[in-house]
4 protein chains.
Amino acid sequence: MQTRTPAGRTGRPRSASADAAILAATRQALVELGWSKLTLGDVATRAGVAKTTLYRRWSGKNELVVDAVAELFDELSLPDRGSLAADIEGVVLQFASILARPEARSGLMAVVAEATRDEALRERIRASIVDRQKRLVLAGRSRAEQRGELPPSTDPEESARTVDLIFDMVAGAVVHRTLVSAEPADEAWVRSFTRVLLQGLAAA
Amino acid sequence: MQTRTPAGRTGRPRSASADAAILAATRQALVELGWSKLTLGDVATRAGVAKTTLYRRWSGKNELVVDAVAELFDELSLPDRGSLAADIEGVVLQFASILARPEARSGLMAVVAEATRDEALRERIRASIVDRQKRLVLAGRSRAEQRGELPPSTDPEESARTVDLIFDMVAGAVVHRTLVSAEPADEAWVRSFTRVLLQGLAAA
Amino acid sequence: MQTRTPAGRTGRPRSASADAAILAATRQALVELGWSKLTLGDVATRAGVAKTTLYRRWSGKNELVVDAVAELFDELSLPDRGSLAADIEGVVLQFASILARPEARSGLMAVVAEATRDEALRERIRASIVDRQKRLVLAGRSRAEQRGELPPSTDPEESARTVDLIFDMVAGAVVHRTLVSAEPADEAWVRSFTRVLLQGLAAA
Amino acid sequence: MQTRTPAGRTGRPRSASADAAILAATRQALVELGWSKLTLGDVATRAGVAKTTLYRRWSGKNELVVDAVAELFDELSLPDRGSLAADIEGVVLQFASILARPEARSGLMAVVAEATRDEALRERIRASIVDRQKRLVLAGRSRAEQRGELPPSTDPEESARTVDLIFDMVAGAVVHRTLVSAEPADEAWVRSFTRVLLQGLAAA
DNA sequence: CGCTAAACGAGACGGTACGTCTGGTCTTTAA
DNA sequence: TTAAAGACCAGACGTACCGTCTCGTTTAGCG
């Protein structure tokens, strides 16, 4: 088993492969069982790891699931489709396709629910998932400015507010469509939604 | 404890007050403990009721919480504030204020998370909560048509699609703002959001 | 499953058959595994009972084993073999044959060892096992007095001291012979031992 | 840290002081925790030694405790008090005073209990503790023969049987009095016991 | 002197049992 | 028949030790 250099000096170093195996096992268990029937003992067994090894790295189910789900969103990218509207449609479709995967659906919503009572968990979600993907909004605007589709932003505070609003509207609408209304966020829906969003932003 | 006449004739009748006591106890437990630490035994104790009584009426934790949360949304109404934009701002603010309550936050998100793996639960949520509140969107549009702010709708299918889109955007954005971004959906934010939404709908 | 009337009024009564099944399973596990490898989870499984049922009745491994072992000694009796010496030989042989059983050996010594650090356990052992069997010494003396082999006891305190001494000598010697020296306490040994004991008591 | 020459040739020699530190730490832990709550990790920590060092020298908890307890009995000696009876009283009192120490009580009984299911451990106990102390019985008889209190022994086999019987009676009675009856083996008790034992042996 | 090889401390590893808690069911007496 | 009470089975929880294993680090004797 491969190892990595630990912070401290002495003692057997932690296995690096164990982390990856545990996160992969967590996602697999989310697919098969969902969040509420996922048990850490089962995850450990699937990962070929002892329960103690799992608890040595994560303090509980919520933290583990956040990390397992966060990795899923790293595959998001901003494809260059020629126009701002098309770029946004593209990334919204990618987001919808991730949310269509069962490990993302039940994992993400469950930790968000738990986070309503746990400030530390909320912060962990924001750091690992939300803020991490705001890069997409920023990249989209910067590319649109280069194309001349948008004027260069002047007021940075106003700009940040707009980024947050866009993010809440995009993520919120896709999540609600997918998970609550339980309808697919397909191309037609994404096109309608994107048109409303962009026209509204342009007019406001 | 008061009783009501049951359908059948013989035997001890079911207590009518038990239902209300159980739902109230459930909301109280959601406030204090959150969904994941809420136990049915504890709810029964708080309600002054035996566990068997609880199981006789609800099949499990999820169903109970859905009913307990659904009652919260019945207080939503569409105030007449003079214009479509103002009406929408009003109802969005009401929605945000409900979501600010802890029993709604953790209860709602948790059952939505569970529903990702449970078709029957998803249907129950849609019936008890979502579809039940679409009346607000319909009432808003009908009032706007009467005021002449909107032309009368012609294509009923197109109309239903628009209602769904509005609902996903409103509910999704408020939920994401409140629970994920963990920022308050205050008047300023609601005004910005409403403007983008209405302008976008008008242009599209 | 049979039940017995509980102290309280309401609620499902405890299963009486569970007690017997658990004690029997404990003895079986002592035979197969010994004290240190006996686990309460395994005992529960053998008894066809949930762990909670076991913990509801006994507070831990030691208390359970004391009760399981105590039952073994209830089969001791004082056979009438015609003379004091022969009676004593008989009961010592019975005692040795119980100690030859593996469930008695490892169970008894282990709880005695634990009792060195646990006053409550020591008291439980004395009440359940030791004092309970002093009846044999008393019965033996009373029968010997009736036969005229011993004069009637006069000083009750002196008499109690003698009973204790006899008990310590008999039980101690048999236990040490059987468990420490690991030699069988067979008829020859018992005869030698009994002769020394009785002659010594007679002379002193 | 001091070292002793090992059997092999090369490599770092084992630390001699580690053995003593470990045995002392074991006895200390027996006093504070008793056998069942004594853990090898804790003993290693107390001794200022790594767990691996401990396992390099002893194969497990039982072997370690046997060695730790065996050292306690090496301080037994046969004082010359002028007569056989007095000599025996003296050594029985010494034995009782060792058994009054908590590290001896819980340690000794626990390993005896374990030994009921472990032939190798039983042999180790007999070699390290029991047979090692039979020297006291032999020394006592030889001194009594020199004094003329006893005739010289003729039949060696008969003689060995008697030594074993004496040992079982003495050790058994003191252990039972101390650990099971939980009464002190004080001078008065020892005198009563010794009188019965010697008179019995003399008569038989 | 440096080389070699075993012993050292530290601590992570896969396991196993702990004693507790919860979920959902069942069995009693009382209303 | 329903209610309250509480025992029941099943199984997950998070912790503690077990005995083993890998590290990097001494520390002796031999060349």
Side-chain angles (χ1 to χ4, degrees), chain A residues 1 3 5-6 8-15 18 37-42 44-45 47-57 59-61, chain B residues 1 3 6-15 18 36-42 44-45 48-57 59-61, chain C residues 1 3 5-6 8-15 18 37-42 44-45 48-57 59-61, chain D residues 1 3-15 18 37-42 44-45 48-57 59-61:
Chain A
M1 191 178 273
T3 57
T5 311
R9 223 151 321 283
T10 64
R12 177 173 174 174
R14 289 193 177 174
S15 159
K37 295 192 178 172
L38 176 152
T39 70
L40 296 195
D42 178 57
T45 302
V49 144
K51 252 199 307 178
T52 42
T53 299
L54 204 157
Y55 277 104
R56 214 173 277 122
R57 291 163 158 84
S59 61
K61 187 166 161 174
Chain B
M1 191 177 273
T3 56
R9 218 152 320 280
T10 65
R12 177 170 173 173
R14 285 195 178 177
S15 159
S36 65
K37 295 191 178 173
L38 175 153
T39 70
L40 297 192
D42 180 56
T45 302
V49 142
K51 260 201 301 180
T52 36
T53 301
L54 204 157
Y55 277 105
R56 217 173 274 123
R57 292 161 156 85
S59 63
K61 185 167 165 174
Chain C
M1 192 177 273
T3 56
T5 310
R9 221 151 323 284
T10 64
R12 177 174 173 173
R14 291 194 178 174
S15 160
K37 295 192 177 171
L38 176 152
T39 70
L40 297 193
D42 179 57
T45 302
V49 144
K51 256 199 303 179
T52 39
T53 299
L54 202 156
Y55 277 104
R56 212 173 280 121
R57 291 161 158 83
S59 63
K61 188 165 161 174
Chain D
M1 191 178 272
T3 57
R4 64 181 171 189
T5 310
R9 222 152 322 282
T10 65
R12 177 175 174 173
R14 289 193 178 174
S15 159
K37 294 192 178 172
L38 176 152
T39 70
L40 296 194
D42 179 55
T45 302
V49 143
K51 259 200 302 179
T52 37
T53 299
L54 203 157
Y55 277 105
R56 217 173 275 123
R57 290 161 159 85
S59 64
K61 186 166 162 174

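Just so we're on the same page: letters track the sequence lines, and every chain starts at 1.
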Rounded to whole Å, please give me the gap between [atom1] in [X] and [atom2] in [N].
| X | N | atom1 | atom2 | result |
| --- | --- | --- | --- | --- |
| D/R56 | E/dA5 | CZ | C1' | 13 Å |
| C/D42 | E/dG19 | CG | P | 14 Å |
| B/L54 | E/dC26 | CG | P | 17 Å |
| C/R14 | E/dT27 | CZ | C1' | 15 Å |
| D/R12 | F/dG29 | CZ | P | 12 Å |
| D/Y55 | F/dC21 | OH | C1' | 13 Å |

Next item on the list: Have a look at B/L38 and say if it touches a base, only the backbone sugar-phosphate, or nothing, with a 4.0 Å heavy-atom cut-off.
Entry: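 Here B/L38 touches the backbone only, sparing every base.
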Notebook entry, point to check: On DNA chain F, nearest-nucleotide positions of D/L40 versus A/S59: which is more 5'?
Noted result: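 Nearest-nucleotide comparison on DNA chain F picks A/S59.
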Next item on the list: Starting from the 5' end of DNA chain F, give me the residue, B/K51 or A/T52, whose nearest nucleotide shows up first.
Entry: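 Closer to the 5' end of DNA chain F: B/K51.
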With respect to the side chain of [X], which nucleotide from [options] is positioned closest?
| X | options | answer |
| --- | --- | --- |
| B/A50 | F/dA4, E/dA17, E/dG15 | F/dA4 |
| D/R57 | F/dA4, F/dA12, E/dC8 | E/dC8 |
| D/T53 | F/dC8, F/dA12, E/dG9 | E/dG9 |

Notebook entry, point to check: Atom OG1 of C/T53 and atom CZ of C/R14: how far apart are they, to the nearest 0.5 Å?
Noted result: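 Separation between the atoms: 9.0 Å.
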Note to self: To the closest 0.5 Å, what do you measure between OG (A/S15) and CZ (A/R57)?
What the structure shows: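 Reported value, rounded in 0.5 Å steps: 6.0 Å.
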Margin query: Judged by each residue's nearest nucleotide on DNA chain E, which is more toward the 5′ side, B/K61 or C/G41?
Written below: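 Comparing both residues, the 5'-ward one is C/G41.
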Margin query: Just to verify, what does C/T45 make a side-chain contact (heavy atoms from CB on, under 4.5 Å) with, not counting sequence neighbours?
Written below: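 If we apply the side-chain contact (heavy atoms from CB on, under 4.5 Å) test to C/T45, skipping adjacent residues, there are no hits.
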Check: What residue among B/T39, B/L54, B/L38 forms side-chain contact (heavy atoms from CB on, under 4.5 Å) with B/K61?
Finding: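 Between B/K61 and the candidates, side-chain contact (heavy atoms from CB on, under 4.5 Å) is satisfied uniquely by B/L38.
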